[in-house]
Amino acid sequence: KPETWLVGEFLGVGDCDARQLLRQMNLFFSKSEVDAAVASLPKDGEAVPAKLTDGGSDKGTGAAKEPDFDLFAYVAPGEAPPGFR
């Protein structure tokens, strides 16, 4: 249902079914946060907004950039990795 994923997006938990959404709201959010999410739902006659997230909230923001080092580079025992010398 559109209401379920809109509330999930507003709260930042993503797309989930009603049971998962209820569990996450009970565990992680206060009543005022849930009330704000429900109040943000479109009213009768208003258009449902396009989906805002695709499960990867950091895509396109530059948050997931390539590291400046090789994570899997071999470091001999007794040597410090690059950047720690």
Side-chain angles (χ1 to χ4, degrees):
K1 283 183 100 173
E3 295 87 3
T4 306
W5 63 259
L6 285 172
V7 171
E9 282 193 351
F10 184 90
L11 295 173
V13 296
D15 194 10
C16 55
D17 64 18
R19 181 179 290 182
Q20 291 171 324
L21 181 61
L22 178 64
R23 181 178 178 273
Q24 291 176 357
M25 287 190 303
N26 286 330
L27 285 173
F28 304 116
F29 299 100
S30 68
K31 184 169 177 5
S32 61
E33 291 171 319
V34 173
D35 289 341
V38 172
S40 74
L41 290 173
K43 309 299 180 233
D44 288 338
E46 291 182 10
V48 175
K51 191 169 182 181
L52 302 174
T53 61
D54 60 357
S57 60
D58 60 346
K59 289 182 182 175
T61 62
K65 64 178 190 171
E66 290 293 320
D68 295 337
F69 59 91
D70 184 6
L71 181 63
F72 300 104
Y74 175 74
V75 178
E79 280 190 34
F84 291 93
R85 293 185 178 134

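All residue numbers in this chain count up from 1 along the given sequence.
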Can you tell me how far the [atom1] atom of [X] sits from the [atom2] atom of [Y], to the nearest 0.5 Å?
X     : Y     : atom1 : atom2 : value
Phe10 : Glu33 : CZ    : CD    : 9.0 Å
Asp35 : Ser40 : CG    : OG    : 11.0 Å
Lys31 : Asn26 : NZ    : CG    : 11.5 Å

> Looking at side-chain heavy atoms only, is the closest gap between Met25 and Val7 below 4.5 Å?
Replying inline: yes
> By side chain to side chain donor-acceptor pair (under 3.5 Å), which residues pair with Asp17, not counting sequence neighbours?
Replying inline: none
> Should Val13 and Phe29 be marked as a side chain to side chain contact (heavy atoms under 4.5 Å, CB included) after you check the CA-CA gap, both sets of side-chain angles, and the distance that decides it?
Replying inline: CA-CA 11 Å; Val13 296; Phe29 299 100; 3.7 Å; yes
